[in-house]
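Below, each value reflects all heavy atoms present in this structure, side chains not excepted, and no hydrogens, waters or symmetry copies. Each chain gets a letter, A, B and so on, in the order the sequences are listed, and its residues count up from 1.
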Amino acid sequence: MELSEQELVRRKKLEEIKALGIDPYPADLFEVNANSADILENYERNKLDYKNISIAGRIMVLRPMGNAAFAELQDARGRIQIYVKRDEICPGEDKTMYNTVFKKLIDIGDIIGVKGFVFTTNSGTISIHVTSFTLLTKSVRPLPVVKVDSEGVAHDVVTDPELRYRQRYVDLIINPEVRNVFVQRTIIINSMRNFFNERGYLEVETPIMQPIPGGATARPFITHHNTLDIPLYLRIANELYLKRLIVGGFDAVYEFAKDFRNEGMDRTHNPEFTMMEIYVAYKDYEWMMQMTEEMIEKIAMDLYNTTKVQCGDNMLDFHRPFKRISIYDSIKEHTGVDVSGMTEEELKKVCRDLKIEVLPSMGRGKLVDEIFSTACEHHYIQPTFITDYPVEMSPLTKKHRSKPGLVERFELMVNGKELCNAYSELNDPIDQRARFEDQMKLVEKGDDEAMLIDNDFLRALEYGMPPTSGMGMGIDRLTMLMTNSPSIQDVIFFPQMRPEKF
RNA sequence: GACUUCGUAGCUCAGCUGGUAGAGCAAAAGACUCUUAAUCUUUGGGUCGUGAGUUCGAUCCUCACCGGGGUCACCA
């Protein structure tokens, strides 16, 4: 690997630092008793508390001016200006620490610790007057420099997605709003977790490697266990395992699950993604709809203290209750066609009229799903529950209590996209076996994503699962909505990419 | 997987109907003890993504490949 001019210079500085007897990567802890945000917020009110502070961070800007210098230090909470005066840090005859170490050997990107006191400069900037500093880490690779002018306009912002996603650490250092998106992601997850825990629901963990990939229709990743000498699949969902736990007697379980689907990647799909699934016994999908809207409203409040969230050009409002419409009514509303009583052939004609490609492997359920996706889905900007799907596209869902041919299922649409999927869970083991067998027929027709029979799951249902409602929500997509991020890559720290060549 | 578009200094970007490249920041040397996109003087830094072809000559045109983005397909 050939080094650039600047990398060579920094390595040379590293040697000079060592030659001066300074360890560029010291082992000693550096005691920190302050942070940038706290100082900027509270110094004016509480000046006495900031006479003797110790703070550490990365140097982002250097403004040397002869025998004094200003610099900006970035810590986990923000940035603060420091003021380094030669005769202050070098009170004696030996001015090496300032003239050589600080002015010549310290670079943008280096991590230092400083001790001193807070003051306000003549031009009104709260700053740290440094009395001593310690090099904590020498950086040997030049950091992209983004400068912000007095009007707050950033210059030379690094927007190159390749650099941002491959070197997320750099993205996080130089683009402060990126950190915030990920902090908000964690707030969302914590908000959800608190919501469930307050209700006494149990957070659990279930297998990621599964012998039969079930609970969803998707192509799985396959791996191999050497000792057992069997194929194992990375889970596409954890639904069937959580339901086994309901059979086992837990009355409410949930899991934030990493799921894996071996399919295309785009702005809304990453091969590994996070899904929250929850199952609550003795409830139905009507109850689950209410819980879902309550939970999402709370998440918005926890994030922004309002139910209104800007997302692209749309102002979303998560104020309860959300609108509800059945999938057939929705199709009727947006196409003028009543598909509720149609046969497979009639549905295929509707698809062709809407210029939807019809494949032989498509059954009734798939056709209705295609019609809805094409003609209706994008209309639902404000949160809307779509309810009562055809039985053919919902093999794990209980048949509707009053509408023949339908199941008790809802999906929540927001900003024209599906955000969650939920239903009254099918707990009739005989019916469940028949549904699996129908899925096998789809497999024979060429549908390589249809579900496989899970005999152990059926055995569990035979022991009896109480009436249960379950719901799954895409955490990445929820975070995209809530943080106004147009790409899933902006809400996953390390999105999947083709390996880089070095 | 298909189509489309992009790849020039550490970073952000110019450039050329084809004559082997410029700026700002960053870097180096010097000046400067309240700067804040600090300023001033000087200097260095590039096999123009990789490979092939066309041409007297390619960063520019053609093809292939590598990597990224977008649209579509598949899906959540």
Side-chain angles (χ1 to χ4, degrees), chain A residues 2-10 12-13 60-72 79-88 98 103-104 107-109 119-127 129 139-167 170 174 216-219 236-237 259-275 356-357 359 366 369-370 373 377 411-412 417-421 447-449 472-478 480 486-489 495 497-501:
Chain A
E2 202 134 314
L3 296 176
S4 70
E5 184 194 25
Q6 293 195 40
E7 288 173 303
L8 290 170
V9 167
R10 289 197 178 208
K12 190 162 155 265
K13 289 179 179 180
M60 299 302 289
V61 180
L62 278 169
R63 288 187 287 270
M65 322 162 299
N67 293 326
F70 287 94
E72 287 176 28
R79 268 191 205 189
I80 189 157
Q81 177 170 269
I82 63 171
Y83 178 58
V84 182
K85 205 161 145 184
R86 187 193 66 186
D87 297 338
E88 199 84 33
Y98 181 81
K103 277 187 73 179
K104 300 245 185 225
D107 288 301
I108 288 174
F119 75 114
T120 305
T121 63
N122 294 341
S123 46
T125 308
I126 295 173
S127 308
H129 191 119
S139 167
V140 293
R141 189 182 279 269
L143 188 69
V145 176
V146 181
K147 293 203 173 185
V148 180
D149 65 24
S150 50
E151 265 120 56
V153 181
H155 297 258
D156 300 336
V157 179
V158 178
T159 54
D160 173 20
E162 189 164 3
L163 188 153
R164 290 190 47 225
Y165 303 147
R166 283 195 198 282
Q167 302 183 52
V170 173
I174 63 181
T217 53
R219 273 192 295 274
I236 55 175
D259 289 345
F260 307 83
R261 298 190 184 175
N262 203 343
E263 283 156 355
M265 296 161 61
D266 59 31
R267 216 176 44 231
T268 56
H269 299 83
N270 194 62
E272 62 179 287
F273 62 102
T274 305
M275 176 84 96
I356 297 167
E357 198 188 356
L359 300 173
K366 184 75 181 162
D369 188 37
E370 287 292 325
S373 303
E377 194 171 83
E411 292 192 354
L412 176 60
K417 286 253 190 295
E418 179 192 337
L419 181 61
C420 80
N421 183 14
D447 185 343
D448 57 356
E449 291 179 346
M473 181 171 288
I475 298 299
D476 311 286
R477 294 215 174 152
L478 176 64
M480 287 168 67
S487 169
I488 200 167
Q489 296 172 115
M497 299 193 96
R498 279 212 151 76
E500 195 178 358
K501 289 204 188 88

[options]: which one has an atom nearest the side-chain heavy atoms of [X]?
X        : options             : answer
A:Asn67  : B:U35, B:A37, B:U33 : B:U33
A:Ser150 : B:A37, B:A28, B:A26 : B:A37
A:Arg498 : B:U35, B:G67, B:A37 : B:G67
A:Asp149 : B:C32, B:A37, B:A76 : B:A37

Requested in this report: Can you measure from NZ (A:Lys85) to CE (A:Met65) and round to the nearest 0.5 angstrom?
Outcome: 10.0 Å
Query - Euclidean distance, A:Ile108 CD1 relative to A:Leu62 CG, rounded to 0.5 Å - result: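 Separation between the atoms: 5.0 Å.
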Distance between the [atom1] atoms of [N] and [M], in whole angstroms?
N     : M     : atom1 : answer
B:U5  : B:C48 : P     : 23 Å
B:A9  : B:G69 : C1'   : 23 Å
B:C3  : B:C65 : P     : 10 Å
B:A26 : B:G44 : C1'   : 13 Å
B:C66 : B:C25 : P     : 39 Å
B:A58 : B:G19 : P     : 11 Å
B:U12 : B:C63 : C1'   : 31 Å

Between [X] and [N], is there a contact of a side-chain N or O with OP1 or OP2 at under 4.0 Å?
X        : N     : answer
A:Arg63  : B:A38 : yes
A:Lys147 : B:A26 : yes
A:Lys103 : B:C32 : no
A:Lys13  : B:A28 : yes

Just how far, in rounded Å, is [atom2] of [N] from [atom1] of [X]?
X       : N     : atom1 : atom2 : result
A:Met65 : B:A38 : CE    : P     : 12 Å
A:Met60 : B:A26 : CE    : C1'   : 12 Å
A:Leu3  : B:G46 : CG    : P     : 13 Å
A:Leu62 : B:C25 : CG    : P     : 15 Å
A:Gln81 : B:C34 : CD    : C1'   : 8 Å

When all nucleic acid strands are considered with a 4.0 Å heavy-atom cut-off, which category describes [X]: base, sugar-phosphate, or nothing?
X        : answer
A:Phe260 : nothing
A:Asp87  : base
A:Gly264 : base
A:Val61  : sugar-phosphate
A:Arg219 : sugar-phosphate
A:Asn270 : base

Query raised in the report: Given A:Arg477 and A:Thr268, is the side chain to side chain contact (heavy atoms under 4.5 Å, CB included) satisfied, shown in steps?
Result: CA-CA 7 Å; A:Arg477 294 215 174 152; A:Thr268 56; 3.6 Å; yes
Where do N or O atoms of nucleotides 69-72 of chain B meet protein N or O atoms at under 3.5 Å, pair by pair?
from: B:G69; atom 1: OP1; to: A:Gln489; atom 2: OE1; distance (Å): 2.9
from: B:G69; atom 1: OP1; to: A:Gln489; atom 2: NE2; distance (Å): 3.4
from: B:U71; atom 1: OP1; to: A:Arg267; atom 2: NH1; distance (Å): 2.4
from: B:U71; atom 1: OP2; to: A:Arg267; atom 2: NH1; distance (Å): 2.8

Do [X] and [Y] have side chains that get closer than 4.5 Å, going by heavy atoms?
X        : Y        : result
A:Leu419 : A:Leu478 : yes
A:Lys147 : A:Asp156 : no
A:Asp87  : A:Asn67  : no

Report summary line: Taken in chain and number order and not counting sequence neighbours, the residues that satisfy ring pair (Phe, Tyr, Trp, His ring centres under 6.0 Å) with A:Tyr83 are A:Phe70, A:Phe119, A:His129
Query raised in the report: Of all heavy-atom pairs between A:Pro271 and A:Met265, which one has the smallest distance, and what is that distance?
Result: CD-CG, 3.7 Å
Report task. Work out which heavy atom in A:Thr120 is nearest to a heavy atom in A:Ile126; give both atom names and the distance. Result ->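 Heavy atoms of A:Thr120 and A:Ile126 come nearest at OG1-CG1, 4.2 Å.
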Query raised in the report: Going by 5.5 Å between centroids and 30° between planes, is there a stack of A:Phe273 over B:A76?
Result: yes
Query raised in the report: Ring-on-base stacking between A:His155 and B:A37, under 5.5 Å between centres and under 30° between planes: is it there?
Result: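 A:His155 ring centre within cut-off of B:A37 base, planes near parallel; stacks.
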Polar pairs (N or O, both sides) under 3.5 Å between protein and nucleotides 4-12 of chain B?
from: B:G10; atom 1: N7; to: A:Gln6; atom 2: NE2; distance (Å): 3.3

Query raised in the report: With no hydrogens and no angle check, is any side-chain donor or acceptor of A:Glu377 less than 3.5 Å from a backbone partner on A:Glu418?
Result: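 No, because the side chain of A:Glu377 does not come within donor-acceptor range (under 3.5 Å) of the backbone of A:Glu418.
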Query raised in the report: Between A:His129 and A:Arg166, who's closer to the 5' end of RNA chain B by nearest nucleotide?
Result: A:His129
Report task. Would you tell me whether A:Arg164 and A:Gln489 have side-chain atoms, one donor and one acceptor, within less than 3.5 Å of each other? Result -> no
